[in-house]
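Structure, as structure tokens:
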Protein chains: 2
Amino acid sequence: MPTMTAAQQRAQARADYDAFLAGCPSRQLLARISDKWVALILAALGSDGPHPSGQEGACGQEGAAGPRAMRYSELARRLAGVSQKMLTQTLRTLERDGLVTRTVTPTVPVTVTYELTELGLSLHSLMRSVKEWAETHMSEVLANREEYDTRTA
Amino acid sequence: MPTMTAAQQRAQARADYDAFLAGCPSRQLLARISDKWVALILAALGSDGPHPSGQEGACGQEGAAGPRAMRYSELARRLAGVSQKMLTQTLRTLERDGLVTRTVTPTVPVTVTYELTELGLSLHSLMRSVKEWAETHMSEVLANREEYDTRTA
DNA sequence: CAGGATCCCGCTAGATACTG
DNA sequence: CAGTATCTAGCGGGATCCTG
């Protein structure tokens with residue numbers, strides 16, 4: 001009898017793997033940009049433009065280029081579906097990572113604005129290339145998907 | 001009294017937003033590549049190389065370039081921490097999207113191999129650019145993070 | 001060998017209420 | 001205005017058992 005059961009060994013392997021992945025830069029980045037709201041916040045702060053009433057126009061990434069400072073409440077309006085909790089939480093982590101700056105202006109009541117840093121801007125341009133891949137190849141993916149479904153139906 | 005309470009209005013907004021996001025190509029792509037195992041499978045299939053005993057070397061994306069056909073059990077070994085359920089499930093969706101091909105050879109017992117399609121290969125190269133951004137800028141992010149933590153401690 | 005089916009648990013996002 | 005604190009439910013993912 002081994003000192004570990006097979007189940008324990010697998011659990012151990014998983015733990016090791018998780019620890020390994022936790023230290024992987026690519027994975028950390030992936031975890032960050034795939035966050036439900038990060039991409040939207042980046043898009044909102046990274047792309048200027050008028051405030052459309054709806055969210056039409058390719059996921060909010062449209063509008064003239066150019067970084068932009070926005071107030072908390074302004075972001076909350078643009079990202080119509082976000083809860084304050086997630087908005088605040090996401091902005092905090094982005095600030096912590098040096099992707100956005102948080103500026104408090106001691107008016108009454110307080111005014112807080114967020115703006116992309118250069119690093120955040122750089123990430124935003126990476127996101128643009130991701131977006132481009134998506135727009136170029138996604139129709140193909142969708143077609144494959146449909147064909148697969150009818151074939152296996 | 002309005003026909004909807006404020007809570008209902010927000011819930012509605014969220015529903016609309018979710019529906020909107022569901023149709024967004026960029027978001028779909030993000031959801032796909034950020035899947036815990038997709039990146040690893042892509043890396044395993046996309047980069048050839050010897051089978052290192054560990055996973056050292058930048059998250060398994062190393063090795064000479066060149067697509068590669070791998071068996072199910074081979075993948076399971078390379079991705080040491082994956083459960084059969086997730087491996088199978090992930091491979092299925094990748095196949096459905098036309099990113100990998102699944103080939104069954106009716107030996108006894110059956111042999112199943114997976115290989116990247118051209119589309120999958122294209123996605124793999126997008127992943128490489130993501131990886132490059134990560135390796136270039138992640139140290140900066142980490143530094144910002146640490147500085148933030150000590151500053152707010 | 002490669003996978004299907006089932007149960008179950010942890011984590012996280014969301015709702016709600018309160019504050020400087 | 002711009003948050004913080006707390007509670008809870010839903011769901012993704014893992015473990016386990018079973019099949020062609």
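Letters A, B, ... are given to chains in the order of the sequence lines, protein chains preceding strands, and every chain is numbered from 1. Values in this document were obtained by computation on a predicted structure and should not be read as measured data. What you see below is based on every heavy atom in this structure, not just the backbone, and it leaves out hydrogens, waters and symmetry mates.
In this structure, A:Arg92 does not reach the D:dA2 phosphate: none of its side-chain N or O atoms is under 4.0 Å from OP1 or OP2. Contact annotation: A:Arg77 does not reach the phosphate of D:dC1 (side-chain N/O to OP1 or OP2, under 4.0 Å). Between B:Tyr114 and C:dG3, a side-chain N or O to OP1/OP2 separation shorter than 4.0 Å is present. Contact annotation: A:Gln89 side-chain N/O to C:dA13 OP1/OP2 distance is under 4.0 Å. The shortest distance between the side-chain N/O atoms of A:Ser73 and the OP1/OP2 oxygens of D:dA2 is below 4.0 Å. At D:dG14, one or more side-chain N or O atoms of B:Ser83 fall inside 4.0 Å of OP1 or OP2 (strictly under the cut-off). In this model, the phosphate group of C:dT12 is not approached by any side-chain N or O of A:Trp37 to a distance below 4.0 Å at OP1 or OP2. OP1 and OP2 of C:dC1 both lie 4.0 Å or more from every side-chain N or O belonging to B:Arg71.
Rounding to whole angstrom units, CG of residue B:Asp35 and C1' of D:dG13 are separated by 10 Å. Going from atom NZ of A:Lys36 over to atom P of D:dC11 covers 12 Å, rounded to whole Å. To the nearest angstrom, P of C:dC1 lies 15 Å from CE of B:Met70. Residue B:Asp18 contributes atom CG, which lies 11 Å from atom C1' of C:dA13 at whole-angstrom precision. The nearest whole Å value for the distance from the CE atom in B:Met86 to the C1' atom in C:dG3 is 14 Å. When the C1' atom of C:dC1 is taken as reference, atom CG of B:Leu87 falls 13 Å away, rounded to whole Å. When the C1' atom of C:dT19 is taken as reference, atom CD of A:Gln84 falls 13 Å away, rounded to whole Å. At whole-Å resolution of the value, CG in B:Leu91 and P in C:dC1 are 17 Å apart.
No hydrogens or angles considered: a donor-acceptor pair under 3.5 Å links the side chains of A:Tyr72 and A:Thr88. Donor-acceptor pairing under 3.5 Å is recorded for the side chains of A:Arg102 and A:Tyr114. Residues A:Trp133 and B:Ser122 have side chains that bring a donor and an acceptor to within less than 3.5 angstrom of each other.
Distance alone, capped at 3.5 Å, places no donor-acceptor pair between the A:Thr113 side chain and the A:Arg71 backbone.
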Requested in this report: Could you check A:Leu21 against A:Arg27 for side chain to side chain contact (heavy atoms under 4.5 Å, CB included), going step by step and ending with a plain yes or no?
Outcome: CA-CA 7 Å; A:Leu21 288 180; A:Arg27 179 134 305 259; 3.6 Å; yes
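For A:Tyr72 and B:Pro109, each mapped to the nucleotide of DNA chain D holding its nearest heavy atom, the one lying further toward the 5' end belongs to A:Tyr72.
Side-chain atoms of A:Lys85 and base atoms of C:dA13 include a donor and an acceptor less than 3.5 Å apart.
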